Each structure stands twice: as C-alpha cells, then as structure tokens.
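Okay, so here's the structure we're looking at.
First the proteins, then the strands, lettered A, B, ... as listed; each starts at 1. Here the structure is a predicted model, which means the values were calculated and not measured.
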Amino acid sequence: MSKPLPSASGHFRRSYADEFRLIETRLAKTSAAAFALVLLVFPFAVSPFYVDLATQVFLAAIGALALMLLTGIAGQISLGHAGLLAAGAFTTGILYKEFGAPFWVTLPSAALAGALLGVVFGLPSLRLRGLYLAVSTLALHFLVVYLGGEYETRRGFSTGILVDPPVVFGYEIYAPRVWYFVLLAAAALTLLICINLMRSRSGRAWRAIHSNETVAEALGIGIARYKLLAFVITSAITAMAGALFAYYRGFVSIEAFSLYLTIQYVAMIIIGGMGSLLGALLGALFVTLFPYVIEGAMAALPGADRLAGSVFAVNYAAFGIVMILFLVFEPQGLVGIWRRVRNYFLLWPFRQTALGERP
Amino acid sequence: MTVPLLAVDKLEVVYQRAITAIQGVSLKVSEGQIVAILGTNGAGKTTTLRAISGFLGLDDARVTEGTILFRGAHLENRPPHEITWRGLAIVPERDKVFPNLSVAENLAVVPRRRGTADGRSMEEVVYHFFPRLAELKRREAGLLSGGERQMLAIASGLMCAPDLLLIDELSLGLAPVAVGKLTESLVQIRDELGISILLVEQSASVALRIADYGYVLENGRVVLDGDAQRLLGHADIQEFYLGHAGGSRRSYRDVKQYRRSRRWYG
Amino acid sequence: MQLAVNILVLAAIYALIACGYVLIYRVSRVLNLAHGELMMLGAYMLVATASAFSMSPVMAVVIAALMSLAVGGMVYLFLMRRMTGEMVLAAVLTTVALGILIRGAVILIWSAQQYHPRAMLGWGNPVITLPGDARISLYAALLIMATVVVYGGLFLFLRFGRWGMRMRAAGQDPLLAAQRGINLHAVFALAWGLSTFTGALAGILIALDSGLDSTMVMIGLKAFPAALVGGLDSLAGALLGALIIAAAEVGVIRFIDPLLADVVPFIVLIAMLVIRPWGLFGTREELDRV
C-alpha cells in the first residue's frame with residue numbers, strides 16, 4: 001500500500017494548549033459551524049424521504065465509526081459486525097417483548113450485551129491474527145444470527161418482533177424529525193468519543209498494535225488488554241446502534257442482519273478510507289445512499305426498466321464493482337481523494353510530484 | 001572491444017517515490033568474467049542487485065534513470081521471471097531454498113532455458129559440480145546445513161542455464177572452510193561452463209580472491225573500481241575493507257574526513 | 001447405514017469444495033471468500049451450456065466445467081493479480097466484493113428462479129440401493145467418485161507434476177520462486193483455475209442432483225470450516241475436516257435440531273479455533289504469517 005504523501009498546510013501548533021484543541025483554525029471553526037447549521041436546518045427544508053435517508057446515514061455512521069476503531073485503527077479484522085448489531089437489536093426486542101422494559105433499560109442492556117459479546121469476539125484475537133480472526137468473527141456472526149432466529153421461532157415471532165417507539169420523560173419519540181435529531185446527536189456523540197479515544201493512550205496503543213504487534217509489546221503496551229478493549233468498545237457502540245435501529249424501525253427480524261450487512265459496513269470503512277474517522281463518516285454516507293442512487297440511475301436510463309424487477313440484483317452487482325474499484329484503484333478511499341484535492345488547492349500554483357517523476 | 005554481457009549505465013533507483021538509494025551507478029560484466037561489488041551495509045549493493053534482477057517492485061522502488069543492458073536488451077523494471085529466462089539467474093541473500101521441498105525437487109521446479117552444449121542434462125552438470133547434493137537428493141532442503149543450502153542455492157541458479165549468475169552475500173553466515181570450497185566451485189563453474197558471475201559481498205577478501213574486477217559502492221555511488229589485484233593493493237581497501245592498518249594508523253578524525261570526502265566527491 | 005451414507009455424501013460435497021479454498025490459500029495465502037459464488041457460477045454455466053448443447057448432454061457438462069477453469073484463471077489475471085503485494089485483508093475483501101458482484105450478475109442473467117439442469121439435459125436420477133438397505137442417488141454417488149478422483153489427481157499433481165511442484169514452491173516462498181524464474185502469475189492463475197474448476201464440479205453435480213438456485217452459496221460457505229478445521233494449507237486435512245463437519249452436521253440434524261444445520265459447521269470451526277487454531281494438519285507457523 002503506498003503511503004500518503006505528507007500533507008501541506010500553513011498551520012502549525014505552537015503551544016501545548018494547541019495540541020489539545022479539537023478545532024484548530026478559524027477556517028475549521030467557521031466551516032464546522034456552517035456544517036452544523038446545515039444539519040440543523042436540513043430536516044425542515046426537505047421532504048420526509050430525505051429526512052429518513054439522513055437518519056439512516058447517522059445510524060450507519062455510528063456503526064461505521066465503531067468498526068473503524070476496531071479495524072481501521074486497532075487493525076483487528078472483524079466480519080461479525082452484523083452479528084453485533086443483531087445482538088443489540090435483539091436485546092432490545094427481547095427485553096421489550098418479554099418484560100416491557102423501557103428505553104432507559106434496553107439501551108444500556110444492549111450496550112452491556114454488546115460489551116460481553118465483544119469480549120467473546122475479542123478472545124480469539126489474543127491467539128489469532130489477520131485472516132483467522134476474520135474467520136472466527138464470521139463464525140460468531142452465524143452463531144448470533146442462529147440464536148436470534150431460534151428465539152424468533154421458539155416464541156412464535158417468526159416474522160419478527162414488533163417494538164413500540166421509546167418513551168423518554170413521557171415524550172414518545174416517533175416523528176421522523178425527532179428521530180433525525182436523536183440519531184444526529186447519537187452519531188455526533190459517537191464521533192466525539194472516537195476522536196477523544198484516538199487522542200488518548202488507548203488510541204495510541206491501538207495504532208501501535210496495528211503497525212507492529214511485537215514492537216508494541218516490547219514497548220510495554222499490554223496487547224491483550226488493548227485488543228479486548230477495542231473489541232469491547234466497538235461492540236458496545238455497535239450494539240447500541242443496533243438497539244437504536246430496532247426502535248427506529250419499530251421492528252426486529254433476523255432477516256435484516258445477513259452477512260451482506262457486515263459486508264456493507266466493511267465496505268463503508270474501505271470506501272471511506274481505512275484508519276480515518278472522517279473516512280467512516282464518508283463511507284457511511286456513500287454506502288447508505290448508494291442503492292438510492294442506483295435506483296435513480298435506473299429510472300433515468302432508458303431501457304433499464306426491464307431490469308426493474310431485479311433492482312436488488314443490480315444493486316449487488318454495482319456494489320461489488322464499486323468495492324472492487326476502490327480496493328484496486330483507491331485503497332486510501334474517499335479520504336484519499338479528499339486529501340489529494342485539498343493538497344492541490346493548498347499548494348496551488350505548485351504541484352506535488354514524486355521524486356523521479358516527470359511533471 | 002566487444003559488447004559486454006551486462007552493462008549498467010548511470011543507474012538511479014528511487015524508493016517509495018521519495019528516497020534515492022543509488023545514483024549514477026555504472027558497471028560492466030564481460031563474458032566469462034567474475035566481477036565483485038563491494039560495500040558496507042546501506043551502500044546500495046543490494047539495491048543495485050535488485051534493480052538488475054527485477055525485484056524493486058516489492059519495495060515500491062523504481063529505476064528512474066539510466067539503463068541496464070543484458071546482451072543488448074533493456075532490463076529496467078522488467079518482471080523477475082522474464083529476466084531469469086533471458087539468462088540472468090540470482091542467488092538471493094536469505095531464504096535461498098524452498099525448505100519443504102527435497103533437494104531434487106528444489107532443482108526440478110526451475111524452468112529450464114536449454115540443455116548444455118554437450119548434451120548432458122543440467123542435473124548431471126549440477127551434480128558434477130556439487131557431488132554432495134547428489135548424495136542428499138531426497139533430503140528436505142530445510143534440513144541442510146548452511147553450506148549445503150548455499151550449494152543448493154547456487155545449483156538451483158545454475159539449473160536455468162544462465163549466462164550470468166548474480167550471487168548476493170555468498171559468505172554470509174558461513175564458516176571460512178565452506179566459503180573456500182564454494183568459491184573454488186564458482187571458479188570451476190566459470191572455467192568449465194563459461195558463465196559470468198557477479199558477486200555482491202561485504203567480505204572484500206573473499207570476493208577479491210576470485211574476482212577479476214571489482215567495484216566499491218559507498219552511499220549509493222561507485223567510489224572506486226579496478227582490477228581485483230589493484231584493488232587488493234589499494235590503501236583504502238586495505239584499511240577499510242580488509243582491516244589491515246596502514247603503516248601509520250589514521251586518527252578517527254581522518255577516517256571521518258575520508259568518509260565525508262567519499263560521500264561528496266566520490 | 002443410511003446415516004453413514006448421508007455423512008459420506010455430505011463429506012464428499014464439502015471436501016470437493018474445500019480443496020478449492022486450500023489450493024488458493026496454499027499458493028497465494030489468500031482466503032477466497034468468493035469460492036461459493038464461483039462454484040454457483042459454474043453450476044449456472046451448465047444451465048447455459050445445457051440449452052446450447054442440448055444434443056450432447058455430456059458435452060454440455062464438460063464445456064461448463066472447462067469454462068469455469070477459464071473463469072478462475074481470468075479472475076486471477078484481471079482482478080487478483082492487482083492485489084498481490086497488498087495487505088492480505090485487502091485481497092480477502094476483494095474476493096468478498098467479487099462474490100457480491102457474481103451474486104448480482106447471476107440473478108440478473110438467470111433470474112432468481114430455480115433450475116433443474118438434469119431435466120434440461122434429459123437425464124434421470126435413479127436411486128441405487130446399497131447393501132445394508134442404504135440408498136444413494138446416482139449423482140450423489142458420482143459426487144463421491146469425483147471427490148476421490150479430484151483428490152487423487154491433486155495429490156499426484158502436487159507431488160510429482162512439474163507445475164504442481166512449482167505451486168508448492170510458490171506457496172512456500174513466492175519471492176524465491178520468482179527469482180528461480182518461475183512465472184508466479186502463471187502459477188497463481190493455475191491455482192485459481194483449478195480451484196474454480198473443482199468448485200464448479202461440485203456445483204454442477206449438486207445442481208444435477210437436487211436443482212440449482214442462489215442458495216447454493218451457503219453450501220460453499222459451509223465447506224469453508226471444513227478447510228479450516230483440517231488446516232488451511234493441507235489437502236489431507238481438508239478431507240478429514242470435511243468428514244468431521246459432515247458427521248457433526250448430519251448427526252445434529254438427525255438427533256438434535258434440524259434448524260442447527262447451517263450453524264454446526266461454524267460451531268465446530270469456533271471450537272477448533274479455540275483448541276488448535278492452525279487446524280488438524282495445518283502448519284503451525286502459518287498463524288504468524290498472516
């Protein structure tokens with residue numbers, strides 16, 4: 001994998017206080033404020049369809065950020081993401097259905113279930129690396145999905161579990177716009193947690209483990225502890241995303257948590273750009289909108305209507321192609337493209353050329 | 001003067017599009033010659049060798065300037081197996097045999113270019129030079145001693161009937177007795193088969209004993225070259241590569257001065 | 001007795017598919033998660049050739065199998081070749097993406113309906129009664145035979161064939177193999193071709209036996225624990241692993257709960273990863289190489 005070229009910018013940190021800042025330059029501050037404003041106004045400016053779409057993006061962003069922590073930062077490959085989402089959703093569904101548990105019980109319970117499952121998913125990582133770890137998490141995915149399916153059939157909810165909207169302080173969260181803000185807040189909170197984790201001791205330990213486990217261990221980093229921590233945090237966040245998903249949809253069914261969902265999340269962090277939180281967000285946006293774009297393109301293209309009956313097949317094929325294109329031609333993902341564009345403007349009128357390259 | 005077998009001209013190699021490893025390296029190997037490339041760690045020996053044998057791509061490196069001509073054909077940035085087919089075999093530095101394959105299998109996997117002129121199969125030729133290998137035919141290569149492995153590695157290189165054999169660090173990690181035997185075999189191979197040999201060595205004494213001509217690399221440039229006998233007599237070689245202190249010991253400061261001058265004016 | 005026959009048939013299916021995983025992993029250290037899809041593609045090729053060569057059914061089967069050999073080689077040459085030298089994860093994810101692509105393309109071309117290639121070729125599927133009153137369908141018996149032949153052939157090829165030796169050499173040390181003048185791309189393409197060929201053979205025989213639709217992918221995925229339980233770089237291991245997985249699956253369906261069928265292979269896999277991660281016959285240091 002080619003390494004990113006050093007980025008050019010005129011900003012330098014001059015004090016320790018600078019190092020701790022979340023937002024460093026005035027330009028960043030202005031654009032963040034503008035972006036926040038757009039997000040706040042957005043649901044009031046567009047049709048409910050787009051509000052729903054944005055809400056889905058937020059939901060996906062939570063899961064993608066969590067997976068990015070585990071795979072992109074700590075370097076632990078997981079193919080069991082859908083299993084974790086399913087665990088959160090089913091914890092919520094079961095607690096609600098069996099005990100009528102309210103929102104403030106189910107959400108922490110989902111996180112707890114996720115954390116426990118994270119330990120289970122993470123244990124193999126202490127012995128296994130790379131491919132074998134991917135395989136073990138894949139196997140656990142099937143196990144979780146089986147248990148969920150078993151519950152559905154045993155209790156006679158073979159079509160799925162219905163979950164009523166959550167009630168917080170006597171207020172029912174039901175309207176799309178309310179959900180929009182709830183999930184926006186959840187996604188923003190997740191992002192903040194992730195940013196701070198990255199800047200903390202654990203974040204540094206994870207990156208050290210990612211680049212070289214043996215060296216990291218020699219430097220006194222407790223490999224086992226930090227690997228498990230990565231799995232636990234990721235799983236807890238993901239399970240909460242699963243719980244929110246259950247509430248938002250009002251419905252839990254094991255059908256929703258197929259291997260394809262895992263692949264979609266993995267695709268988010270690849271397409272977004274490995275190792276970057278911004279990448280996770282961009283990836284979540286891209287992957288969530290992708291099927292709608294394909295559908296739109298098919299409606300717009302003449303002669304495509306004969307494929308109308310197999311929209312999902314077109315989706316599959318196109319999604320596979322896009323994933324391959326990114327893996328082969330842009331391993332740095334959307335973030336890589338973004339960095340190149342940014343550097344182009346930062347350096348203008350000069351151009352960055354590699355040594356030995358003819359401009 | 002005839003066209004040399006291998007002619008490297010003003011070669012420049014850049015790693016990861018950012019680091020220049022060697023610059024302006026030129027060297028020649030004529031038919032039937034044994035040529036040595038000497039230098040300390042990081043001098044650019046291995047990079048030169050990899051550039052010739054087509055193994056730069058692995059480290060994200062490229063030949064950015066200069067030419068490598070083998071029998072008049074360009075070899076810059078060609079895939080490795082194609083270079084081997086053209087008659088240029090390499091004996092790498094480490095991991096030189098397939099450990100789980102037997103000795104006979106190690107020889108058999110090599111795609112051959114042609115037989116020898118006198119109709120013997122390459123196997124016979126190889127076992128003629130290294131009778132020890134014939135005794136060990138069935139043994140797994142991972143169980144061989146260091147010297148035997150080096151033998152097998154050279155033998156495997158011979159299997160593709162090359163015109164030029166590149167050998168990386170022949171003496172590394174071997175007992176002096178084993179090295180002596182191997183160098184004798186190399187001279188014998190050159191004399192009987194007419195194969196040219198390019199040795200890349202840290203040990204100047206080993207290399208210059210059998211070489212006809214030598215190049216000394218420092219900091220990615222050729223700083224000294226000449227007939228092996230002349231190099232052996234050269235004061236700098238005596239002092240810095242063979243470890244014989246000259247008549248008057250130089251101070252550490254002089255040595256540093258020497259290094260610096262080599263770097264800038266070499 | 002019938003139970004033993006069922007186990008044997010299922011084991012043959014898993015073994016025939018698993019050797020494809022092993023071949024590719026052994027040569028190029030890539031886990032091909034598109035194997036199930038490639039196998040399904042092979043079976044669909046039979047649907048295509050069955051209508052094109054309706055005169056000579058045997059011809060249709062042979063051509064479909066050969067076409068998958070070519071498909072496997074092309075997958076390497078046009079796609080996986082670009083991933084050599086990249087991280088292992090990237091290569092594996094590329095196969096995942098390829099799998100999705102094939103799944104979509106298959107449905108686009110052949111729709112989601114179920115096919116019965118046997119009927120298309122005008123063949124029957126007589127049931128053979130074995131001693132001990134066990135019954136086996138003709139194509140299931142053929143499957144067992146195909147597995148025996150394929151494994152025998154692969155053993156001989158890898159042991160004595162010149163290209164087989166090169167495949168082993170490339171698997172051990174690709175860099176050295178290239179230095180010896182072995183064309184790595186040819187070796188890898190051959191491995192992909194053979195792997196897809198054996199997978200397609202399994203797919204074709206299963207389709208002839210019991211029909212074909214896109215759920216066949218699941219069979220391919222379930223064969224993967226068989227390869228891993230035996231040790232990802234060992235053919236003999238894949239054989240034994242297939243037997244273990246098949247026995248566990250058939251046993252659980254019969255005595256415990258048919259719903260467990262799709263999970264059992266993965267439960268066995270997890271157990272194996274806990275006890276002996278490198279598999280029954282696998283090389284231990286493989287674990288550190290990934």
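From C/Leu93, atom CG reaches atom CD1 of A/Ile270 across 4.0 Å, with rounding to the nearest 0.5 Å. Between the CG atom of A/Leu327 and the CG atom of C/Leu79 there is a distance of 9.0 Å, given to the nearest 0.5 Å.
The nearest pair of heavy atoms linking A/Ala317 to C/Leu101 is O-CD1, 3.3 Å.
If you measure heavy-atom distances from A/Phe326 to chain C, you find no contacts under 4.5 Å at all. The part of A/Glu150 that comes within reach of chain C is its side chain, from C-beta onward, which places non-hydrogen atoms under 4.5 angstrom from that chain. Only the side chain of C/Ile267 comes within contact range of chain A, judged by heavy atoms closer than 4.5 Å. Contacts of C/Leu269 with chain A are made by side-chain atoms alone, with heavy-atom separations under 4.5 Å and no backbone atom involved. When heavy atoms are compared at a cutoff of 4.5 Å, A/Ile77 approaches chain C solely by way of its side chain, counted from C-beta outward. Neither the backbone nor the side chain of C/Met80 comes within contact range of chain A; no heavy atoms are under 4.5 Å apart. Neither the backbone nor the side chain of C/Val106 comes within contact range of chain A; no heavy atom of the residue lies under 4.5 Å from a heavy atom of that chain. For A/Leu123, no part sits under 4.5 Å from any heavy atom of chain C, backbone or side chain. Neither the backbone nor the side chain of C/Asp262 comes within contact range of chain A; no heavy atom of the residue lies under 4.5 Å from a heavy atom of that chain.
Evaluated for a side chain to side chain contact (heavy atoms under 4.5 Å, CB included) with A/Leu259, the options C/Val217, C/Leu221, C/Ile100 yield exactly one hit, C/Leu221.
Note on residues 130-148 of chain A: no pairs pass salt bridge (Lys or Arg N to Asp or Glu O under 4.0 Å), not counting sequence neighbours. The list of side chain to side chain donor-acceptor pair (under 3.5 Å) pairs with a residue in residues 88-108 of chain C, not counting sequence neighbours, reads C/Glu37-C/Arg103.
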(message) For A/Tyr132 and C/Leu232: C-alpha separation, side-chain torsions, deciding distance, then whether side-chain contact (heavy atoms from CB on, under 4.5 Å) applies.
(response) CA-CA 10 Å; A/Tyr132 284 77; C/Leu232 256 181; 4.0 Å; yes
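Against chain C, the residues from residues 133-149 of chain A that qualify, each with a non-hydrogen atom under 4.5 angstrom away, are A/Val135, A/Ser136, A/Ala139, A/Leu140, A/Phe142, A/Leu143, A/Tyr146 in number order. For residues 13-22 of chain C, a heavy-atom distance under 4.5 Å to chain A picks out no residue at all.
Atom CZ of A/Arg207 sits in a crowded spot, with more than 12 heavy atoms from other residues, nucleotides or ligands closer than 6.0 Å.
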